[in-house]
Amino acid sequence: MSNQQLTTDKKLFIVFEGIDSSGKTTQAKLLKKHFLATEQQAVISPEPSNGIIGNLIRQALKQRIVFNRDPKLFDEQMAYLFAADRHDHLYNDIDGVFKLIANNYHVISTRYYFSSLAYNCETVEKFEFVKRLNNRFPNPDLTIYLQIPIEVSLLRLQERSVQEVYETKAKLTKVSEQYQQIFADYDGLILNLDGTQDPQQIHQQIINCLQTIVTKNK
Ligand code: TMP
């Protein structure tokens, strides 16, 4: 289980992806706990980030601020904001991902540029635009995609007190389809998991995968 020895000198940048309520945060917490239990430093660093642009984005997702009343422009505005936030998240020299890795921390991010490709564009043309906006961001060491049916996501979202703009059946259906496409074309390291399984079972599959990476790196 999670007290298996898994240590590596290389600090990893690990990303969780999936539609809303797919269990990303739960798994990120279990993974952080695992690293700490094996005496390795680890932090959870989400996107939208905890920085100033990330906070602005959270207000926009809740519609507490509106930049433009034309809904057709919304995705594009969000794509620009998320790209700016991502740059800050990766490269700021206080608690940016690379700063943390240099300081000997594994960094676990819930969401990364895959979310921009899945959420912030709905046509092929817009997809290419979002891809260009993000094409200089490096791939993580490992991406874990937690797949759940839309119905499960909607059921879990009912428990939240505030609904965000992207949390609708139509949007999540589209997002789910886009994720399939993105990861089918992705050439980085990806672990696809059934997010409806018991959280401990999912966690164990992640640890097994990391074990393989660590062994290869040795
Ligand atoms: P969260 O539910 O993981 O906190 O994410 C908040 C929302 O942000 C979620 O609906 C997905 C959305 N999002 C984008 O639209 N584009 C992005 O690039 C990222 C990172 C998140």
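Values in this document were obtained by computation on a predicted structure and should not be read as measured data.
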- Message: Has Ser45 got a side-chain atom pairing as donor or acceptor with Val107's backbone, closer than 3.5 angstrom?
- Response: no
- State whether a side-chain donor-acceptor pair under 3.5 Å links His106 with Gln41. no
- Ring center gap for Phe137 and Tyr113 short of 6.0 angstrom: no
- Query: Do you know the tightest heavy-atom contact between Ile57 and Met78?
  - Reply: CG2-CE, 3.8 Å
- Centroid-centroid under 6.0 Å between Tyr186 and Phe114 rings: yes
- Contact summary for Leu191 and Cys209, nearest pair of heavy atoms: CD2-CB, 3.7 Å
- Query: When rounded to the nearest 0.5 angstrom, what is the spacing between SG in Cys121 and CD in Glu128?
  - Reply: 9.0 Å
- Query: So how far is it from Leu117 CG to Asn134 CG, rounded to the nearest 0.5 Å?
  - Reply: 6.0 Å
- Just wondering, do Leu157 and Leu155 contact through their side chains at under 4.5 Å, heavy atoms? no
- Message: Is the distance from the ring center of Tyr145 to that of Phe16 below 6.0 Å?
- Response: no
- Task: Report yes or no: does Ser22 contribute a side-chain atom to a donor-acceptor pair with the main-chain N or O of Ile19 at less than 3.5 Å?
- Result: yes
- Task: Kindly say whether Tyr119 contributes a backbone atom to a donor-acceptor pair with the side chain of Lys171 at under 3.5 angstrom?
- Result: yes
- Note on the structure: Result for ring pair (Phe, Tyr, Trp, His ring centres under 6.0 Å) between Tyr80 and one of Phe129, Phe67, Phe74 points to Phe129
- Task: Using atom types as modelled and distance alone, determine if a side-chain donor or acceptor of Gln178 lies under 3.5 Å from a backbone N or O of Ala118.
- Result: yes
- Nearest 0.5 Å please: distance from the CD1 atom of Ile14 over to the CG atom of Leu210. 4.5 Å
- Query: Are the side chain of Asn120 and the backbone N or O of Asp75 linked by a donor-acceptor pair below 3.5 Å?
  - Reply: no
- Electrostatic pair Asp141:Lys10 at N-O distance under 4.0 angstrom: yes
- Hey, is the main chain of Gln40 close enough, under 3.5 Å, to the side chain of Thr38 for a donor-acceptor pair? no
- Message: Quick test of your reading of the model: are Glu17 and Lys24 salt-bridged, counting only N-O distances below 4.0 Å?
- Response: no
